[in-house]
Colleague: 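Before anything else, here's the structure in question.
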Amino acid sequence: MGKGGALSDGMLKNIILSYTYVAIWIFLSFTVIVYNKYILDKKLYNWPFPISLTMIHMAFCSSLAFAAVRIFKLVEPASLSRRVYLTSVVPIGALYSLSLWLSNSAYIYLSVSFIQMLKALMPVAVYSIGILLKKDSYKNNTMSNMLAISAGVAIAAYGEAKYDSWGVFLQLGAVVFEATRLVLIQILLTSKGISLNPITSLYYVAPSCLAFLAIPWMFVEYPTLKQQISEFHFDFLIFGTNSLCAFALNLAVFLLVGKTSALTMNVAGVVKDWLLIAFSWSVIKDTVTPLNLFGYGLAFLGVGYYNHSKLQALKAKETQKKGQSVDEEAGKLLDERDGDGKGRKGDAQD
């Protein structure tokens, strides 16, 4: 096969790999969300301790990442100074701990389907915080899009059959902290040229996340757990498989973003949310009202338009870069020709 055929084969391979990464991420994200709901819900497994559950996940992830980096030497640790770690990684770990704590807490009060609808506000939060931190610029069209998404989520919330204000507050707080974390990753790590692979990301971030979670845990959940210690028997099968799924999901997130893009993850997230809403309604028997679906449908269209706009912007940027590289190459060729002409002219004069 010629060059065209080889290129087509390469593109086909990349497309298959991208869809594989997306499918793995959707499956693991779906599994962890449903599994966490099962453990935390008082009507199911009835272990309503979200900070403890998140700490178990972080301890498990930290241990496996430490073993991979320090014991089995599977990956090389990043060359981070203490100053960079304290000023760049630790703040991200703090925000990650708050995001996980609040999002897991919301499963005690809200249905899986309604939580996915509230998560549609993530682009709104990322864009707004990006403007506040001067990472993004204000655009009327984009802000109108954000307002449409917010209106859709508000309609979905109005139509929610089992609305709980505290649960909504927790989930919205989780969205804000997660959005801030995503923006700070760009500011504190990417802009400094710091690139972490899936294992080293967990190696550096998970321990700091665990340390931050220990602070509220001591005051919020430890006193209750201390009283119930005689009645509680740690189920290694439940918590072990749940932690393994959480570890695999963390790897899948970094793998998906690293091998594709954050935009691909956003699009895949929309597909995952619809699947979770359908699962929540059909299997868990959560109530999903027509107003829920109408509101989320409006938000879904807004998110879809936002992702489309981002994709068009990325394509325009790539085209501009290609044009600049072509101009640079043409400039070099002209310089070389001018140099050759001058050299020949000098030889003729001699």
Colleague: Among all residues two or more places apart in sequence or in another chain, which pass the salt bridge (charged side-chain N to carboxylate O under 4.0 Å, His left out) test with Lys37?
Modeller: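 So Lys37 forms a salt bridge (charged side-chain N to carboxylate O under 4.0 Å, His left out) with Asp41.
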Colleague: Measure the spacing between CD1 of Ile108 and CD1 of Ile39 and express it to the nearest 0.5 Å.
Modeller: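 Answer rounded to 0.5 Å: 11.5 Å.
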Colleague: Is there a path of hydrophobic side-chain contacts, each under 4.5 Å between heavy atoms, that joins Val89 and Leu133?
Modeller: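 Val89 clusters together with Leu133.
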Colleague: Heavy-atom count check: over 12 atoms from other residues, nucleotides or ligands less than 6.0 Å from Tyr305 OH?
Modeller: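 No, OH of Tyr305 has 12 or fewer neighbouring heavy atoms, counting only those of other groups under 6.0 Å.
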Colleague: Could you tell me whether the side chain of Tyr107 reaches within less than 4.5 Å of the side chain of Pro50, counting heavy atoms only?
Modeller: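 No, side chains not in contact.
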Colleague: Do Met58 and Leu213 pass the side-chain contact (heavy atoms from CB on, under 4.5 Å) test, and can you show the C-alpha distance, the side-chain angles, and the key distance before you say yes or no?
Modeller: CA-CA 9 Å; Met58 290 299 105; Leu213 285 168; 4.1 Å; yes
Colleague: I need the Ile284 CD1 to Phe279 CZ distance, nearest 0.5 Å.
Modeller: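 So the gap between those two atoms works out to 5.0 Å.
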Colleague: Is the Phe234 ring parallel, tilted or perpendicular to the Phe236 ring (thresholds 30°, 60°)?
Modeller: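 If you compare the ring of Phe234 with that of Phe236, the planes turn out perpendicular.
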Colleague: A side-chain contact here means heavy atoms from C-beta on lying under 4.5 Å apart; do Lys162 and Leu110 qualify?
Modeller: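 SC-SC contact between Lys162 and Leu110 ruled out.
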Colleague: Quick one: does Gln186's side chain have a donor or acceptor within less than 3.5 Å of a partner on Leu182's backbone?
Modeller: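 Checking the backbone N and O of Leu182 against the side chain of Gln186, no donor-acceptor pair under 3.5 Å is found.
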Colleague: Any donor and acceptor pair, going by atom type alone, linking the side chain of Lys134 with main-chain N or O of Ile131 inside 3.5 Å?
Modeller: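 No; judged by distance alone, with no hydrogens or angles, the pair does not exist.
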Colleague: Could you list the residues that satisfy side-chain hydrogen bond (donor to acceptor under 3.5 Å, both in side chains) with Thr287, not counting sequence neighbours?
Modeller: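 Thr287: no side-chain hydrogen bond (donor to acceptor under 3.5 Å, both in side chains) contacts found.
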Colleague: Any side-chain heavy-atom pair from Asn197 and Thr200 closer than 4.5 angstrom?
Modeller: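 Answer yes - side chains close enough.
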Colleague: Would you say the side chain of Leu172 lies within less than 4.5 Å of the side chain of Val176, judging by non-hydrogen atoms?
Modeller: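 Contact flag for Val176/Leu172 side chains = no.
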Colleague: Can you confirm whether Val303 sits close enough to Phe300 that some side-chain heavy atom of one is under 4.5 Å from a side-chain heavy atom of the other?
Modeller: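 No, every pair of side-chain atoms sits at 4.5 Å or beyond.
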Colleague: Please identify each residue that fulfils ring pair (Phe, Tyr, Trp, His ring centres under 6.0 Å) with Phe49, with sequence neighbours left out.
Modeller: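 Ring pair (Phe, Tyr, Trp, His ring centres under 6.0 Å) check on Phe49 returns Trp47.
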Colleague: Tell me whether the count of non-hydrogen atoms from other residues, nucleotides or ligands lying under 6.0 Å of OH in Tyr35 goes above 12.
Modeller: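 Enclosed: over 12 neighbouring heavy atoms sit under 6.0 Å from OH of Tyr35.
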Colleague: Members other than Ile155 in its cluster, when Ile, Leu, Val, Met, Phe, Trp, Tyr link by side-chain heavy atoms under 4.5 Å?
Modeller: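 Its cluster partners, ordered by chain and number, are Tyr158, Leu291, Phe294, Leu298.
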Colleague: Please identify each residue that fulfils side chain to side chain contact (heavy atoms under 4.5 Å, CB included) with Val90, with sequence neighbours left out.
Modeller: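 Partners of Val90 under the side chain to side chain contact (heavy atoms under 4.5 Å, CB included) test: Tyr85, Leu86, Phe212.
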Colleague: Are Ser113 and Asp286 close enough that a side-chain donor and a side-chain acceptor fall under 3.5 Å?
Modeller: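 Their side chains do not contain a donor-acceptor pair, so the 3.5 Å distance test is not met.
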Colleague: Where the side chain of Ser29 meets the backbone of Ile26, is there a donor-acceptor pair that is under 3.5 Å apart?
Modeller: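 The answer is no, because no donor-acceptor pair under 3.5 Å joins these two groups.
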Colleague: Just to verify, what does Val69 make a side chain to side chain contact (heavy atoms under 4.5 Å, CB included) with, not counting sequence neighbours?
Modeller: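 Partners of Val69 under the side chain to side chain contact (heavy atoms under 4.5 Å, CB included) test: Val75, Pro77, Ile199, Tyr203.
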Colleague: Check ring pair (Phe, Tyr, Trp, His ring centres under 6.0 Å) between Tyr45 and all other residues, then give those that pass, not counting sequence neighbours.
Modeller: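 Applying ring pair (Phe, Tyr, Trp, His ring centres under 6.0 Å) to Tyr45 gives Tyr38.
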Colleague: For Asn140 and Tyr138, which I'm curious about, is there any donor-acceptor pair between the side chains at under 3.5 Å?
Modeller: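 Looking only at side-chain atoms, Tyr138 and Asn140 do form a donor-acceptor pair, the distance falling under 3.5 Å.
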Colleague: From Trp101 CH2 over to Cys209 SG, what is the distance, rounded to the nearest 0.5 angstrom?
Modeller: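 The CH2 atom of Trp101 sits 12.0 Å away from the SG atom of Cys209.
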Colleague: Quick check for you: to the nearest 0.5 Å, what is the distance between Leu64 atom CG and Ile71 atom CD1?
Modeller: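 It comes to 10.0 Å.
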Colleague: Between Ser128 and Ala125 (side chain of the first, backbone of the second, donor and acceptor by atom type, cut-off under 3.5 Å), is there such a pair?
Modeller: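 Such a contact is absent between Ser128 side chain and Ala125 backbone.
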Colleague: Taking side chain to side chain contact (heavy atoms under 4.5 Å, CB included) as the test, write out the residues that go with Tyr163, two or more places apart.
Modeller: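 Tyr163 satisfies side chain to side chain contact (heavy atoms under 4.5 Å, CB included) with Phe114, Ala157, Glu160, Ser165, Val168 once adjacent residues are dropped.
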Colleague: Residues two or more places apart in sequence or in another chain: which of them pass ring pair (Phe, Tyr, Trp, His ring centres under 6.0 Å) with Trp281?
Modeller: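 Ring pair (Phe, Tyr, Trp, His ring centres under 6.0 Å) check on Trp281 returns nothing, list empty.
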Colleague: Could you see if Leu237 belongs to whatever hydrophobic cluster contains Leu53? Use Ile, Leu, Val, Met, Phe, Trp, Tyr and a side-chain cutoff under 4.5 Å.
Modeller: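 No: no chain of side-chain contacts under 4.5 Å links Leu237 to Leu53.
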Colleague: With a cut-off of 6.0 Å (strictly less than), are more than 12 heavy atoms of other residues, nucleotides or ligands near CD of Gln228?
Modeller: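 Yes, enclosed.
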Colleague: Tell me whether Val112 is reachable from Phe169 by hopping between hydrophobic residues (I, L, V, M, F, W, Y) whose side-chain heavy atoms are closer than 4.5 Å.
Modeller: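 Yes; tracing contacts between hydrophobic side chains, which count when under 4.5 Å, links both residues.
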Colleague: Applying a strict under-4.5 Å side-chain criterion to I, L, V, M, F, W and Y, I'd like to know whether Leu44 and Ile238 cluster together.
Modeller: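 Leu44 clusters together with Ile238.
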Colleague: So, does Ser99 use its side chain to make a donor-acceptor pair with the main chain of Leu95 at under 3.5 Å?
Modeller: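 No, Ser99 side chain to Leu95 backbone: no donor-acceptor pair under 3.5 Å.
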Colleague: Quick one: do the His57 and Asn250 side chains pair a donor with an acceptor below 3.5 Å?
Modeller: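 The answer is no; no qualifying pair exists.
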Colleague: Drop me the distance from Thr54's OG1 to Asn104's CG, to the nearest 0.5 angstrom.
Modeller: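 Going from OG1 on Thr54 over to CG on Asn104, the span is 4.0 Å.
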Colleague: Compare all side-chain heavy atoms of Trp217 with those of Leu225 and state whether any distance is below 4.5 angstrom.
Modeller: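 Contact flag for Trp217/Leu225 side chains = yes.
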Colleague: Identify, with sequence neighbours excluded, every residue that meets salt bridge (charged side-chain N to carboxylate O under 4.0 Å, His left out) alongside Glu178.
Modeller: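 Counting only residues at least two positions away or on another chain, Glu178 forms a salt bridge (charged side-chain N to carboxylate O under 4.0 Å, His left out) with Arg181.
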Colleague: Using modelled atom types only, decide if a donor and an acceptor are shared between the side chain of Thr87 and the backbone of Arg83 within a distance under 3.5 Å.
Modeller: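 Yes, Thr87 side chain to Arg83 backbone: donor-acceptor pair under 3.5 Å.
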Colleague: Does Thr31 reach the main-chain N or O of Phe27 with its side chain, forming a donor-acceptor pair under 3.5 Å?
Modeller: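 Such a contact is found between Thr31 side chain and Phe27 backbone.
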Colleague: Kindly compute the distance separating CG (Leu80) from CG (Leu196), expressed to the nearest 0.5 Å.
Modeller: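 Separation between the atoms: 6.0 Å.
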Colleague: Between Ile92 and Ile185, is there a side-chain heavy-atom distance shorter than 4.5 Å?
Modeller: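 Sidechains of Ile92 and Ile185: in contact.
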Colleague: Could you tell me whether the side chain of Asn141 reaches within less than 4.5 Å of the side chain of Asn145, counting heavy atoms only?
Modeller: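 No. Closest side-chain heavy atoms not under 4.5 Å.
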Colleague: Under the 3.5 angstrom rule, does the side chain of Asn292 hit a backbone N or O of Thr289 as a donor-acceptor pair?
Modeller: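 Flag set: sc Asn292 to bb Thr289 pair under 3.5 Å.
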Colleague: Is it the case that one hydrophobic cluster holds both Tyr306 and Met143, taking links as side-chain heavy atoms less than 4.5 Å apart, direct or via other members?
Modeller: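 Both belong to a single hydrophobic cluster.
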Colleague: For the side chain of Gln171 and the backbone of Lys119, is there at least one donor-acceptor N/O pair under 3.5 Å apart?
Modeller: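 No.
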Colleague: How would you list, by chain and number, every residue that makes a ring pair (Phe, Tyr, Trp, His ring centres under 6.0 Å) with Tyr296, sequence neighbours excluded?
Modeller: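 Listed in chain order: Trp274.
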Colleague: Can you list everything that forms a side chain to side chain contact (heavy atoms under 4.5 Å, CB included) with Tyr109? Sequence neighbours excluded, please.
Modeller: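 Side chain to side chain contact (heavy atoms under 4.5 Å, CB included) check on Tyr109 returns Asp164, Trp166, Leu170.
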